[in-house]
Amino acid sequence: MPITTETPSNADQLPALHQPIHKALQHHYQTLCDVHLRELFAAEPQRFEHFSLQVDDLLLDYSKNRITKETLQLLIQLAETADVAGWRERMFQGEKINNTEQRAVLHTALRNRSNTPVMVDGENVMPAVNAVIEQMSAFAERVRSGTWTGYTGKPIVDVVNVGIGGSDLGPHMVYQALKAYRHPRLQMHYVSNVDGAHIVEKLESLDPETTLFIVASKTFTTQETMTNAHHARHWFLQHAEDDTHIAKHFVAVSTNREAVIGFGIDPDNMFGFWDWVGGRYSLWSAIGLSIVLAVGADNFTALLGGAHTMDQHFREAPFERNMPVILALLGVWYSNFFGAESQAVLPYDHYLRSLPLYLQQADMESNGKSVDRNGCNVDYATGPIIWGTSGINGQHAFYQLIHQGTRLIPADFIISVTPPTGLHEQHDILMANFLAQTEALMRGRTLEETRDSGVAPPHAPKVFAGNHPSNALLLKALTPHSLGLLIALYEHKIFVQGIIWNLNSYDQWGVELGKQLAKCIQPELNAAETITTHDASTNGLINYYRQQRAQ
Ligand code: F6P
């Protein structure tokens, strides 16, 4: 029986990829798909100047892409057809563009350093945003200075953020990225997995007298987080014995005040945010509390400031000089015309090693959708598979496939000009590899070049086709400000792609089904009778698990 979803008519709102511009792009693709990047560089020596742009501390070189000026013009027409500018304004102005949940999408208000009013339902949200930033800063100052102490009077040494998805990946990634700015006494830890091994292993090394837990959950109902939070509380009380001590060791970040109180956390120790902050866009909100604790309020403000600079650029720059728009259009070019299925993110920076993980949620939970914002099935590719790891390690693992495999894998290479370590010689090695990889991917190596370079024997496996596209992103240095620029760049890229694909990038119904089924299955794992209510595979696995566990 085929699975069908209802497809209401949306003829009045044709997605851009169903409009004449799509045909024009398809036609243009036919003229370009067999042209090698070497030819493009040979024909246009000024390619770097023509296809690179800088926003503040961030340089994007996109000249090693399979595009010409005409490609860009056509892609910009696609963005215009999709009304990216109109949607962008609707987002910034607090319209409820998350239509399935009837919510505004305002992570930009969280870092609105110009403090201009942002209205939601007739109310300016900025005073509330600023009040939470102040609350976080004041709390962080107490913890960092040592005036906030644990129940035995000792300063806090370890902070455990208990959260998952957007309540984990963002703050975790930023904490790692800004390690060089960390308070010398304070160590952050992140526990997300409901597999007990994660929290058990973490708690083994911690002292309850000097440990602070942040229970971070937008809903405060997420099973993984609440299970881990209860385990942490139990562990703490085994040592502290008196639950009045909880106030000094547990704080909450959530939109759900009742549930926080129900858990036993003092509402004075709750840091709030709002339903118009999506989980995967929430590191700028109170979900970033562990960041403020680690690097201090000034650095957190600098992070917000970097993102705000990118917001302003995104809002004001013409499309042909607009970094998020250009990155988004390149992604659409490869996904919808070249048939690329994935996008690699390759930071040449140990501190940015979690960026691909973070972007997996940001991008794939946002645009991993086959139904558009009107509820219609789409007939074109949407969000790509995002993957990657620290680039230099990747070179020794999966780059072979990028260079010589059968798939087209566009890749973003990211590096800082100045290393945070001061180890310049090592950094030059890193930089040389960064440059060599993008060059090799672009140029490849012909049979003649293989022969000339003395590689013997000069046979086919030593020839590289090249013509693999990449972007190079260079930060002046990995600072709170430049990190803010970089993250906001990707957020807006995802936004633009969502608009072109006619998606609501801000809901995530796809993750709900599995959660609901898990709730049904959990009691069945302990039921007395043999389970027969599922399909044969699921029944078989449940019953096997129960049998084996009983032995
Ligand atoms: O994975 C689904 C999801 O709802 C994410 O969107 C979210 O970031 C995560 O779960 C955690 O949710 P919460 O912050 O409510 O615990």
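Order of appearance sets the numbers: ligands from 1, and atoms from 1 within every ligand.
- Short contacts between ligand 1 and Thr219, defined as distances under 4.0 Å to a heavy atom of the residue, involve ligand atoms 13 (P), 15 (O), 16 (O).
- Under the 6.0 Å distance and 45° angle rule, Arg103 does not count as a cation-pi partner of Trp276.
- Considering backbone and side-chain N/O of Glu365, one or more are found under 3.5 Å from N/O of ligand 1.
- In terms of N/O distances under 3.5 Å, ligand 1 is not approached by Val511.
- Interface atoms of ligand 1 facing Ser167, defined by a heavy-atom separation under 4.0 Å, are 13 (P), 14 (O).
- In this structure, Arg373 forms a cation-pi arrangement with Trp87, its terminal cationic atom sitting closer than 6.0 Å to the ring centre and no more than 45° off the ring axis.
- Figure legend: Arg88 and Phe314 shown as a cation-pi pair, the cationic atom lying under 6.0 angstrom from the six-membered ring centre and within 45 degrees of its axis.
- When Arg280, Glu512, Lys515 are ranked by how near their heavy atoms come to atom 4 (O) of ligand 1, first place goes to Lys515.
- Here the heavy atom of the protein found nearest to atom 12 (O) of ligand 1 is Thr222 OG1, 3.5 Å.
- For ligand 1 and Gly166, the ligand atoms under 4.0 Å from any heavy atom of the residue are 7 (C), 8 (O).
- Relative orientation of the His249 and Phe236 rings is tilted, given thresholds of 30° and 60° on the angle between their planes.
- Taking the ring centre of Phe263 as origin, the terminal cationic atom of Arg233 falls inside the region bounded by 6.0 Å and 45° from the ring axis.
- Listed by atom number, the atoms of ligand 1 under 4.0 Å from Ile164 heavy atoms are 9 (C), 11 (C).
- The minimum heavy-atom distance between Gly391 and Tyr348, with the atom names listed, is CA-CE1, 3.4 Å.
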